[in-house]
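Keep in mind that this is a model prediction, so the values were computed, not measured. Proteins come first, then strands; the chains are lettered A, B, ... in the order of their sequence lines, and each starts at number 1.
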Amino acid sequence: MKKSFKNRVFEVVSKIPKGRTLNYKEVARLAGNEFAYRVVGNILNRNKDPKIPCHRVIRSDGKIGGFNRGVGEKAKLLQKEKIVLF
DNA sequence: CGTATGACGTGCA
DNA sequence: GTGCACGCCATAC
């Protein structure tokens with residue numbers, strides 16, 4: 001099974017510890033290509049798997065960014081996790 | 001197979 | 001400090 005970048009991103013994001021947020025660039029770097037940060041958001045957007053805490057992935061600006069189900073939901077999850085936007 | 005997209009990031013006005 | 005535009009990559013259709 002060849003792990004595509006998409007699969008890599010899923011694994012990395014699913015490995016994000018609770019209470020920790022990573023920006024798309026970091027996820028992309030851990031996935032193998034720090035220059036593919038756009039793909040990270042792209043993949044998560046087209047693949048809303050409930051097993052993936054994609055809400056822990058935020059922009060490097062410290063902003064929530066966006067969410068396929070609504071930014072409000074993502075903000076809610078972040079607050080629920082007591083995640084502090086670094 | 002080829003084209004267009006996208007939950008970004010950075011720079012500049 | 002805020003807003004706009006460009007550029008980068010992989011995925012989806």
Asks: Please check the phosphate of C:dA12 (OP1 and OP2 only) for any side-chain N or O of A:Arg46 closer than 4.0 Å.
Replies: no
Asks: May I ask you to verify if any side-chain N or O of A:Arg38 is less than 4.0 angstrom from the OP1 or OP2 atom of C:dA10?
Replies: no
Asks: From the list B:dT10, B:dA7, C:dC9, which nucleotide is the closest neighbour of the side chain of A:Asn45?
Replies: B:dA7
Asks: With sugar-phosphate meaning primed atoms plus P, OP1 and OP2, does A:Phe67 contact a base, only sugar-phosphate, or nothing at under 4.0 Å between heavy atoms?
Replies: base
Asks: How about A:Arg46 and A:Asn42: does a side-chain donor come under 3.5 Å of a side-chain acceptor?
Replies: yes
Asks: Work out which heavy atom in A:Phe10 is nearest to a heavy atom in A:Asn47; give both atom names and the distance.
Replies: CZ-CB, 3.1 Å
Asks: Test of understanding: clusters of I, L, V, M, F, W, Y form through side-chain heavy atoms closer than 4.5 Å, transitively. Do A:Ile64 and A:Val40 belong to the same one?
Replies: no
Asks: Within this structure, what is the CZ-to-P distance between A:Arg8 and C:dT11, rounded to whole angstrom?
Replies: 11 Å
Asks: For B:dC8, does either OP1 or OP2 sit under 4.0 Å from a side-chain N or O belonging to A:Ser60?
Replies: no
Asks: So what does A:Lys25 touch, heavy atoms closer than 4.0 Å: a base, only the sugar-phosphate, or nothing?
Replies: sugar-phosphate
Asks: Please tell me which of A:Asn33 and A:Tyr37 maps to the more 5' nucleotide of DNA chain C, matching each residue to the nucleotide holding its nearest heavy atom.
Replies: A:Tyr37
Asks: Have a look at A:Ile43 and say if it touches a base, only the backbone sugar-phosphate, or nothing, with a 4.0 Å heavy-atom cut-off.
Replies: sugar-phosphate
Asks: In terms of side-chain geometry, is the basic nitrogen of A:Arg59 or A:Asp61 positioned less than 4.0 Å from the acidic oxygen of its partner?
Replies: yes
